[in-house]
Amino acid sequence: MRTATLGPDERGAALARMAERELDILVVGAGVVGAGTALDAATRGLTTGLVEARDWAAGTSSRSSKLIHGGLRYLEMLDFALVREALKERGLLLERLAPHLVKPVPFLYPLQHRGWERLYAGTGVALYDAMSVSSGHGRGLPTHRHLSRKRALRVAPCLKKDALVGALQYYDAQMDDARYVTTIVRTAAAYGADVANRARVTGFLREGERVVGARVRDLEQGGEFEVRARQIVNATGVWTDDTQKLIAERGQFHVRASKGIHLVVPKDRIHSTTGLILRTEKSVLFVIPWGRHWIVGTTDTDWDLDKAHPAASSADIDYLLEHVNAVLAVPLTRDDVQGVYAGLRPLLAGESDATSKLSREHTVAHPVPGLVVVAGGKYTTYRVMAKDAVDEAVHALDRRVAECVTEDVPLVGAEGYKALWNGRARIAQRTGLHVARVEHLLNRYGSMVDEVLELVAADPSLGDPLTGADDYLRAEVVYAASHEGARHLDDVLTRRTRISIETFDRGTRSAREAAELMAPVLGWDRSQVEKEVERYEKRVEAERESQLQPDDLTADAARLGAPDVQPI
């Protein structure tokens with residue numbers, strides 16, 4: 001069973017190897033596309049490096065709607081190719097590549113008009129199901145069904161009776177986006193890629209017109225070094241234009257950022273056994289089941305302020321509450337909101353002035369010799385984007401390179417997952433953990449669950465829940481630092497777990513205990529623990545303040561009041 005450890009020692013060794021030899025491929029940016037590109041390259045037998053300025057998925061790829069879907073609204077736009085491609089990928093992820101991470105989720109679409117709307121929407125959903133099955137990877141999900149108003153209110157009692165005349169129910173899939181990216185990175189490392197987060201590209205190396213490498217600064221240990229590579233792939237998402245400026249090249253296209261915000265509310269605030277998809281005047285609104293919570297989102301507005309920490313304003317929150325409350329019998333209030341997060345979609349500019357109509361297609365370009373740029377696209381089709389980027393890069397290599405094989409390469413944790421799931425009661429009995437806890441661990445780590453349980457066996461106190469966040473074991477914090485590349489408290493509370501959006505205190509009650517659990521793994525002294533806790537608390541305070549501001553400008557200014565993780 002293939003696995004990979006991404007602890008402090010492994011990170012240092014990976015950086016040293018990247019500095020010592022010329023790579024075939026160096027990938028810049030470890031969001032879902034960059035991580036997927038590193039995995040694609042490594043599984044073709046190419047010597048591969050992956051560097052990320054912050055943390056795995058620290059940008060867009062940890063702040064999505066957490067959906068793996070074909071995109072019903074793209075079907076309405078008649079973008080059949082994109083929907084077909086995405087539905088194939090959805091099936092692959094559910095059935096073969098990541099069954100431990102990607103799960104089916106039902107959605108109810110309330111109908112508000114009699115007759116024509118059921119025919120119109122029903123035809124669209126029927127086509128959606130048919131395209132899924134025809135892809136060869138869509139038989140694992142139930143097909144859609146038509147519901148009367150009475151039956152719809154039975155599965156979603158939260159809805160106002162006058163908000164619908166009937167409904168359609170269909171299935172898509174969801175995952176924890178940041179955990180998914182971390183798993184891709186670990187899989188790439190398991191196949192030989194050298195990976196390092198907190199390693200910022202500060203410039204590119206040139207020989208004439210050709211890009212032959214990058215200057216990389218280690219933001220943890222200090223120092224700058226050169227990484228030489230035959231081809232570099234720029235997979236920096238909304239930072240694409242900024243990265244291109246390092247070689248004084250804007251590139252052949254422009255990437256525009258669209259902000260989407262999401263609210264997280266407790267499960268008991270919305271009485272439903274299914275997710276909801278609602279039409280708004282601008283786009284669609286999702287109410288998505290999320291463990292003991294719901295995620296409500298999203299907005300779609302242009303953003304040209306700070307890319308690292310996009311801020312949700314009071315107006316954004318009010319917009320979502322207003323639209324979801326239009327159909328809820330018991331409306332949500334600000335007091336119901338446990339968490340808020342904002343992310344930026346990288347959209348290819350040029351097709352439309354409205355960000356909601358910009359292309360979700362991706363583009364791959366070779367603006368200068370030695371440098372490939374991949375941008376645009378959607379989370380679900382990351383594997384296709386990665387394949388296209390590596391295909392473009394290998395054209396310039398002076399040898400024959402194998403074709404893409406990632407369609408048949410399960411992510412670490414997938415192999416043996418279903419057998420372990422079937423035996424979860426035995427695992428619970430063996431470890432003394434409740435079976436619900438074992439299920440939680442299996443759906444986060446898959447067959448790597450044994451690595452987490454070994455920590456508990458060595459120190460039974462790690463089998464206790466983390467203070468202030470009962471859904472997570474103390475062992476998961478230690479594992480995040482020892483095996484998953486977490487370098488700072490924010491990495492654990494925001495991305496390795498979702499404590500920062502799943503608790504009313506936004507993780508401040510858990511912060512000190514989590515930092516103390518990380519300290520021995522990362523070699524922190526007492527002052528570093530205090531620094532990590534203080535920085536996290538100030539981040540939460542700044543985010544809360546930003547969410548009280550009336551618009552983007554004031555929200556951005558408030559959010560930037562918190563100190564970031566500082567380079568050495």
Side-chain angles (χ1 to χ4, degrees), residues 53-59 62-63 178 197-198 219-220 261-266 293 305-314 316-317 334-343 464-474 476-478 480-481 484-549 554-568:
R54 296 192 294 163
D55 183 30
W56 321 130
S62 61
R63 309 178 192 196
N197 52 2
R198 299 286 297 153
L219 300 181
E220 292 293 301
I261 82 144
H262 296 79
L263 310 180
V264 181
V265 300
H293 309 84
L305 301 169
D306 180 67
K307 294 187 182 78
H309 305 293
S313 69
S314 181
D316 292 326
I317 295 170
R334 285 289 187 110
D335 291 339
D336 294 323
V337 177
Q338 274 186 300
V340 181
Y341 65 93
D464 295 333
L466 186 67
T467 299
D470 289 349
D471 284 348
Y472 300 95
L473 296 182
R474 286 159 50 88
E476 295 182 76
V477 176
V478 175
E484 296 181 330
R487 301 290 307 172
H488 293 279
L489 181 59
D490 184 63
D491 300 344
V492 171
L493 297 183
T494 305
R495 286 173 291 278
R496 303 306 182 279
T497 70
R498 292 306 189 154
I499 294 169
S500 67
I501 59 171
E502 292 176 346
T503 59
F504 277 110
D505 61 89
R506 310 276 173 100
T508 54
R509 283 184 59 209
S510 308
R512 184 166 300 279
E513 184 175 313
E516 289 172 348
L517 288 167
M518 296 172 70
V521 181
L522 299 176
W524 293 348
D525 58 19
R526 174 52 55 183
S527 69
Q528 183 65 27
V529 168
E530 295 297 329
K531 188 183 298 182
E532 292 283 334
V533 173
E534 179 185 8
R535 188 161 48 214
Y536 184 79
E537 289 174 344
K538 286 184 176 178
R539 186 207 111 168
V540 171
E541 182 182 347
E543 286 186 346
R544 287 187 184 278
E545 182 64 26
S546 71
Q547 291 154 19
L548 298 175
Q549 303 308 308
T554 51
D556 180 64
R559 175 61 185 86
L560 293 179
D564 205 351
V565 175
Q566 294 297 316
I568 292 174

query = Just wondering, do E534 and E530 contact through their side chains at under 4.5 Å, heavy atoms?
reply = no
query = Is R559 salt-bridged to E545, going by a charged N under 4.0 Å from an acidic O?
reply = no
inquiry  = Is a donor from one side chain sitting under 3.5 angstrom from an acceptor on the other, for T494 and R539?
reply    = yes
task = Provide the closest heavy-atom pair for W524 versus L489 in the form atom of the first, atom of the second, distance.
result = CH2-N, 4.0 Å
ask   = What distance separates L263 CG from I317 CD1, expressed to the nearest 0.5 Å?
value = 6.0 Å
message = If you apply the rule salt bridge (Lys or Arg N to Asp or Glu O under 4.0 Å), what do you find for E532 with R535, and how did you get there?
response = CA-CA 5 Å; E532 292 283 334; R535 188 161 48 214; 2.9 Å; yes
request  = Could you go through the side-chain hydrogen bond (donor to acceptor under 3.5 Å, both in side chains) check for R474 and S510 one step at a time?
outcome  = CA-CA 10 Å; R474 286 159 50 88; S510 308; over 6 Å; no
ask   = At their closest point, which heavy atom of V529 faces which heavy atom of A515, and how far apart are they?
value = CG1-CB, 3.9 Å
query = Can you find a pair of side-chain heavy atoms, one from P266 and one from F504, that are under 4.5 Å apart?
reply = yes
inquiry  = Using side-chain contact (heavy atoms from CB on, under 4.5 Å), reason through V478 and V521 one step at a time and then give a plain yes or no.
reply    = CA-CA 7 Å; V478 175; V521 181; 4.0 Å; yes
ask   = Do R495 and D490 meet the salt-bridge criterion of a basic N to acidic O distance under 4.0 Å?
value = yes
ask   = Are E516 and R526 close enough, and set up right, to give a salt bridge (Lys or Arg N to Asp or Glu O under 4.0 Å), and what steps lead you there?
value = CA-CA 9 Å; E516 289 172 348; R526 174 52 55 183; 3.4 Å; yes
query = Are any of the side-chain nitrogens in E476 or R496 under 4.0 Å away from the carboxylate oxygens of its partner?
reply = no
task = Using a 4.5 Å cut-off on heavy atoms from C-beta on, say whether the side chain of V492 contacts that of M518.
result = yes
ask   = Is the closest side-chain heavy-atom distance between H309 and S546 below 4.5 Å?
value = no
Spacing of Y341 atom OH and Q547 atom CD [to the nearest 0.5 Å] = 13.0 Å
task = Might you point out which heavy atoms bring A558 and Q549 nearest each other, and give the distance in Å?
result = CB-CG, 4.1 Å
R198/D491 ion pair, N-O < 4.0 Å = no
inquiry  = Under a plain distance cut-off of 3.5 Å, with no hydrogens placed, do T467 and E513 share a side-chain donor-acceptor pair?
reply    = yes
ask   = Counting distance only, does the side-chain N/O of H293 pair as donor-acceptor with the main-chain N or O of E502 below 3.5 Å?
value = yes
task = Quick one: pull up OG1 in T503 and CG in L466 and give me the separation to the nearest 0.5 Å.
result = 10.0 Å
key: Between E220 and H488: side-chain donor-acceptor atoms closer than 3.5 Å   = yes
inquiry  = Nearest 0.5 Å, please: how far is CD in E537 from CG in D505?
reply    = 10.0 Å
inquiry  = Measuring from atom CG of N197 to atom CG of L219, what distance do you get when rounded to the nearest 0.5 angstrom?
reply    = 9.5 Å
query = For the atom pair CZ (R498) and OH (Y472), what is the distance rounded to the nearest 0.5 Å?
reply = 8.0 Å
note = Nearest heavy-atom approach of A312 to V340 is CB-CG1, 3.6 Å
query = R63 and G343: which non-hydrogen atoms are nearest, and at how many Å?
reply = CB-CA, 3.6 Å
SB check E541 R544 (cutoff 4.0 Å) = no
request  = Can you see which heavy atom on A342 is nearest to which on I261, and at what distance?
outcome  = CB-CG2, 3.9 Å
